[in-house]
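Just below is one structure, and these are the notes that go with it.
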Amino acid sequence: LPARERNGMRFNCLFPAFSSPGKSKEAEIKRINKELANIRSKFKGDKALDGYSKKKYVCKLLFIFLLGHDIDFGHMEAVNLLSSNKYTEKQIGYLFISVLVNSNSELIRLINNAIKNDLASRNPTFMCLALHCIANVGSREMGEAFAADIPRILVAGDSMDSVKQSAALCLLRLYKASPDLVPMGEWTARVVHLLNDQHMGVVTAAVSLITCLCKKNPDDFKTCISLAVSRLSRIVSSASTDLQDYTYYFVPAPWLSVKLLRLLQCYPPPEDAAVKGRLVECLETVLNKAQEPPKSKKVQHSNAKNAILFETISLIIHYDSEPNLLVRACNQLGQFLQHRETNLRYLALESMCTLASSEFSHEAVKTHIDTVINALKTERDVSVRQRAADLLYAMCDRSNAKQIVSEMLRYLETADYAIREEIVLKVAILAEKYAVDYSWYVDTILNLIRIAGDYVSEEVWYRVLQIVTNRDDVQGYAAKTVFEALQAPACHENMVKVGGYILGEFGNLIAGDPRSSPPVQFSLLHSKFHLCSVATRALLLSTYIKFINLFPETKATIQGVLRAGSQLRNADVELQQRAVEYLTLSSVASTDVLATVLEEMPPFPERESSILAKLKRKKGPGAGSALDDGRRDPSSNDINGGVEPTPSTVSTPSPSADLLGLRAAPPPAAPPASSGAGNLLVDVFSDGPAAQPSLGPTPEEAFLSELEPPAPESPMALLADPAPAADPGPEDIGPPIPEADELLNKFVCKNNGVLFENQLLQIGVKSEFRQNLGRMYLFYGNKTSVQFQNFSPTVVHPGDLQTHILPLAVQTKRVAAQVDGGAQVQQVLNIECLRDFLTPPLLSVRFRYGGAPQSLTLKLPVTINKFFQPTEMAAQDFFQRWKQLSLPQQEAQKIFKANHPMDAEVTKAKLLGFGSALLDNVDPNPENFVGAGIIQTKALQVGCLLRLEPNAQAQMYRLTLRTSKEPVSRHLCELLAQQF
């Protein structure tokens, strides 16, 4: 308790009975009751109490309440203390009210009057006490009474610094409790200007307030970006002695630094080049300081330093636009992977999961695979092991899939039971996604069942049956493998299910071996029959009737099993019905009828896997973006349609929440060129017939087999759903938003990411393109808690509708007309490039939010370079074709200044993302970049050669493109130049 007066109170004076230890609970209750009776008598006595006595007894009541006893009197005496002019009396009164007074109390009006008097008193101490009370109670009544006064106090020029701090935090509390009561329109600019205040405490409180306010109204507070960067720059560049009052263990203003970094994460990268450059310098400085030796061995020093570092890395990941910083952040996190502090290892693994999905840092993350695998094996903390498993899943691609899957399988044998199902789902997803050898996929799933059969869900073993049924080349191997697996003495029931289905369908493929003859197969399966559940027995009965069709020699034996009383009179109606029907069918039906009824199952329809969706449900709300299937390996031959790109879910919507997990999803790299690519390029440039595709199922063919090209009936049928009358026509769609070109430009060299985001809606994109076909997934996330009504996204290509010559055929699927708060819906687009084009399609989104219509128009990230097919060729062929394309109209050239740091690796990544193949040892100058490719359209193929010449000294580029069509040359040159 404060001792600001000469007769200040002490605990021993208040409760001498509690100052000595060893008192029992009964003694305490007896003492409390005695004190309560004494206080009650004092309050009701005829003699008026002076301020000190009233304060003392109110303080006793407060203490008794904190001990856990109910207090039902003394509230009025506490309210009377608010009118005192003595600090300690007023303080105890406010403290009592903050702790004990209910927001619905009848005394609120009296309390509000006392608070209003203190706020008008201009006494900074009394004003702070009043503001603290408002924040602590935080009721709507107080918000309605003071919401208009507190902003005025906050920005008043004569307010003391301590009052400004209290006002900012009080306003923040009221805004969180009742956002509609805080009108910030007229105060916005002045509140933002508090970031320039000389007092660091005021700035810290203001940052907390602005961060909360800008999440709902980001455009109103957009001016805070430059001020936040300026303030952060001053803190980061200052020495520990410059901010002595706010230096914590040699770290200048760590809390303010963290708050500023979090504020910047509410916005995209700064548009102003000077501000962005200054921010990049700040981030580089933080990364540099992380490499310096610690100035203190105290844990507080390292905690403060690492807090700033991790928040800096979060901002770098959020921007996903600075390749150098992303790689440096990855390297810095890599150093933490072997740190002795468990918390640092956990945070490093968690952050690297997000970095793994970035196109710029994925390769850097992969370099730490051995360390992560070791963490999976040796970490004592289960949460760290789980993060290691998440990171392995996120960094997996075709180059390391087998290694990661084998390590996960090995870890699964000793994994904690709480995360086994999650590991099983991840292994199943990776094995399916990156399977090139289908026998490896079958082995992996059967190993999963053998190691952790109890955790293999139906989705997993259903999926392997679908894939085996659809792949003729793996059916025999699958039958042989499951037959061998069933011979184990202890066989999991899921293995029996898989074995029963596969042998019933494809057992004939291994029946020629005496070791797996039909009687042996039946005997092996039937030996497991009595150990299985009803569902598995029902499946095995279906297998038996299939055997009668496949192997007539087993008919008598199987009919004997079906006639057994245990089957015909089974207590389970499903088993009894199957036994009766199968027995009758095998006895009555002719051989031809039996063969027709029991013929081999047809291939399953091509569809996307549901395993990833199950993994999302297993992870629960708030699953990290590392579990999002954002990266799609371009060379992977996804089985049976691939993995469904399911968006992440969130439990509590917020304007800064990443509803879709798409902030850092990179584009697929260029697929490897075929062996005949060089000849194909020659044919294209010489206007001859295109080379014939090679035989065999290439990854491109597997992809194209999944995509059926749209078959439009009319021009409008290409652009809308089968009910175009419900969708707005192109004439009804408004112009694109002002930043549409900037948003489109971000997707020229990548296929995945967040296309648009405001306080209401987030639109994410995941797409893939092969030859002249593409598939795009659009994810619409409702960031509010209010349902969207009449939600209608429409794709049109207005630039060419007048002539009805459409360059793109787009098939869209309708989405639900209602999108619940915090939810997201997915829309699938199938795209076919019919001819070259210059303008992208438009995406119009219309819906009603809170009764008000909302609409926006964006440019869909489909540019001509998306249909690039990279082409390898020798230097001699390159220069020969270069000379053939020497007409002035075939060349487009642009000399421009670099807008980003000139880094060779980043340039290479962007050129590969653009779609061309990079040709080594072609240009005499090794600093130059040379590329080649073919733009695939249905009508024709356009060959393209490019040359990029960087001049690091002048910070300039010269870009030259040559194609067989003049508009294509100019358009590609403009698109690519904007990326550097």
Side-chain angles (χ1 to χ4, degrees), residues 438-439 441-443 445-450 453 456 461-462 464-564 566-567 570 575 578-579 581-583 585-587 589 591 594-603:
Y438 291 94
S439 60
Y441 172 75
V442 172
D443 289 338
I445 301 301
L446 294 184
N447 272 336
L448 272 182
I449 298 174
R450 178 183 59 82
V456 176
W461 67 266
Y462 283 176
V464 72
L465 297 182
Q466 293 171 11
I467 292 168
V468 170
T469 302
N470 289 12
R471 299 289 306 188
D472 295 338
D473 55 342
V474 78
Q475 291 167 357
Y477 179 83
K480 175 177 178 293
T481 305
V482 296
F483 177 79
E484 294 173 351
L486 288 172
Q487 293 177 348
C491 186
H492 195 275
E493 188 169 337
N494 281 336
M495 185 72 77
V496 177
K497 293 177 181 177
V498 174
Y501 182 94
I502 291 179
L503 292 180
E505 294 293 325
F506 314 113
N508 60 309
L509 300 177
I510 61 172
D513 190 333
R515 293 171 297 180
S516 55
S517 62
V520 174
Q521 292 185 38
F522 171 74
S523 176
L524 180 60
L525 285 175
H526 196 55
S527 66
K528 314 291 183 183
F529 185 87
H530 302 288
L531 303 174
C532 297
S533 65
V534 171
T536 305
R537 291 183 189 184
L539 186 149
L540 288 179
L541 289 178
S542 299
T543 300
Y544 296 167
I545 191 66
K546 288 270 189 176
F547 273 11
I548 292 179
N549 179 50
L550 289 176
F551 315 122
E553 62 269 29
T554 64
K555 181 175 181 179
T557 305
I558 294 175
Q559 285 182 336
V561 171
L562 296 176
R563 286 195 187 97
S566 59
Q567 304 304 330
N570 196 292
L575 293 180
R578 289 196 185 213
E581 291 180 354
Y582 292 163
L583 177 61
L585 179 64
S586 64
S587 303
T591 304
L594 200 64
T596 302
V597 174
L598 301 175
E599 66 179 351
E600 184 179 308
M601 288 287 290

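Because the structure is a prediction, the values reported are computed rather than measured.
- Side chain of N549 to backbone of L598: a donor-acceptor contact under 3.5 angstrom is found.
- Here CG of L503 is found 13.0 Å from NZ of K546. Values are rounded to the nearest 0.5 Å.
- Smallest separation of non-hydrogen atoms from H492 and I449: CB-O, 4.1 Å.
- Residues T554 and Y544 fail the side-chain proximity criterion, which asks for heavy atoms closer than 4.5 Å.
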field: Stepwise side-chain contact (heavy atoms from CB on, under 4.5 Å) test for F506 and T469
entry: CA-CA 9 Å; F506 314 113; T469 302; 4.3 Å; yes
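- A heavy-atom distance below 4.5 Å is found between the side chains of T543 and F547.
- A side-chain N or O of S533 and one of E493 form a donor-acceptor pair less than 3.5 Å apart.
- Side-chain atoms of S542 and Y582 include a donor-acceptor pair closer than 3.5 Å.
- Ring geometry, H526 versus F522: the interplanar angle falls under 30°, so the pair is classed parallel (tilted spans 30 to 60°).
- Rounded to the nearest 0.5 Å, atoms CZ (F483) and CD1 (I502) are 13.5 Å apart.
- A donor-acceptor distance shorter than 3.5 angstrom exists from the side chain of K528 to the backbone of L486, with no hydrogens or angles considered.
- Contact check for Y441 versus V464: side-chain heavy atoms found under the 4.5 Å cut-off.
- Distance check: T481 OG1 to I445 CD1 gives 12.5 Å after rounding to the nearest 0.5 Å.
- In this structure a side-chain-to-backbone donor-acceptor pair under 3.5 Å is missing from Q559 to L583.
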field: Criterion side-chain contact (heavy atoms from CB on, under 4.5 Å) on I558 and I545, from CA distance to verdict
entry: CA-CA 8 Å; I558 294 175; I545 191 66; over 6 Å; no
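- The number of heavy-atom neighbours closer than 6.0 Å to NZ of K480, taken from other residues, nucleotides and ligands shown, is 12 or below.
- Judged by distance alone, the side chain of N494 and the main-chain N or O of V456 form a donor-acceptor pair under 3.5 Å.
- Side-chain contact between L509 and Q475 is present, with at least one heavy-atom pair separated by less than 4.5 Å.
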